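Report on one structure; see the data block that follows.
Keep in mind that the numbers below use all heavy atoms, side chains included, and drop hydrogens, waters and symmetry copies. Order of the sequence lines sets the chain letters (A, B, ...), proteins ahead of strands, with each chain counted from 1. In this text, all values refer to a predicted model and were calculated from it rather than measured experimentally.
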Amino acid sequence: MTTFLVGMTLILNIILQSVMLPGFKVLGASPNTALAIVVVIALSRGRIYGGVVGLISGLIMDVMFSMTIGISSLILFIIGYVTGIAADSFAKENAVNPVIFTLLGTVFYNALFAMFMYFASRNVTLEYAVKSILSFELILNGIAALLIYMLFRKIFSRPQIRFNKR
Amino acid sequence: MYFLKKYKERMIVAAVAIILIVIIGYTARERLNISRSENLIGKLLRPVISFSSDVQNRVSGFFTSIGDVFDAKEENEVLHARIKQLESENRDLQNIIGKADYLKREQMLTENTPYDLIKARIIAKEPGNWFDQFIIDKGSKDGISKGDTVVQGIEIEKDVYIECLVGRIVDTGDNWSKVVSLIDELNSTSFKIIRTQDGGIVSGSVDGLLEGYLFDYTADVIEGDQLYTSGLGGIYTKDIYIGEVSEIIGDQEELTKRLVIEPALDFKKLYNVFIINNQEEGSY
């Protein structure tokens, strides 16, 4: 059931990110909700689930919107896996963690993206790379992570003790 | 075996990362065609995205009309009932004129063009902040092939409608295609200045500007000069309008003349585009 819900979430996210969000850019940036979803799932489900979800959502993004397949997949895979490892050391019921990990993830995502673009001989200046890494996307992603965390807590939380009806 | 068991997970992670890096290396080059799996994923997601694109247009249309009602109410409070009626009529007429203008542009283009044009709707835009690419609802089954030029009609002078360059097709599925827009950093287009026939290269940049340079440093260029595609390199169809020179930056040391170009189209307000089907027939 959880896997089905995660799958649906990823498809809904692609629609949200490609159809709805490009029309509502704030200061030239739109939130990377896929990254926020990967972080939230990795924090609640651990490194393997996080890595797999990161890999799949990245692959969908790559196939649909990028000519080079693998960049988003690799970055989101690493973010999902590493966040999952770090999740063991943090309390799961804390809303600050997804926000902090998403902010770190956004910096990592854009930095690695800039690096790939540089090595792919694209004209990326250091100034533009720094601007992209520290753009308004950080704040948007932080807000998105908080909202997604609150939404997922309702969807994925299962009661620890069940009482059968008499 | 103990080694394999102990480091199984790490080895899988490393293997996935290596495979992805290999795929990046493979796909970063210009490919002839997209793979079957890419085509299948695109095919499956296309109707969903197309449907949600419709929903999004309707939702934004709904909110726009709500906004209009509030505007009219404000006017009503300030002015009198008669003025309200006139305002309302005026708005209705403007709406009709606005639509007529848009439809007329497309109709005039399709009537006057020497090219065989295929009309397509933009169904999704690239979600990240790094590229300027979008997906259209027509693919190889509609006769679109990789490398085709994508245009939109503009009114360059009174009652003169021409094709204006939007970008080019970089990948095609059966019923969807990826378009890299003119302002994407990936795109480099050779141009000529229509007034002097001097040539150069224009390219998009990661920050969304359109910049170019001239082959000849001493070439005569002034602000307001109109640029057309030159057809050099065979990527774009010849003689498609690009935009106007808005700034000239001379660099004495490097002996280059850099141009900042204002595209004729507003790429943020692009909903439909045309694809030039058989490019050779139209070029002259």
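Heavy-atom distances place no part of L16(A) under 4.5 Å from chain B, backbone and side chain included. In this structure, chain A has no heavy atom under 4.5 Å from any part of V22(B).
The line from CD1 of I24(B) to CZ of F116(A) is 4.0 Å long, rounded to the nearest 0.5 Å.
Checking I69(A), L59(A), L74(A) one by one against I23(B), the side-chain contact (heavy atoms from CB on, under 4.5 Å) holds for a single residue, I69(A).
Heavy-atom minimum distance, L55(A) versus V16(B): CD1-CG1, 4.0 Å. Contact between V63(A) and W176(B) at its shortest, heavy atoms only, is O-CH2, 4.4 Å. Shown here for I48(A) and E9(B), the closest heavy-atom pair between the two residues is CD1-OE1, 4.0 Å.
Of all the listed residues (V13(B), I21(B), V180(B), I12(B)), the one sharing the greatest number of non-hydrogen pairs under 4.5 Å with chain A is V13(B).
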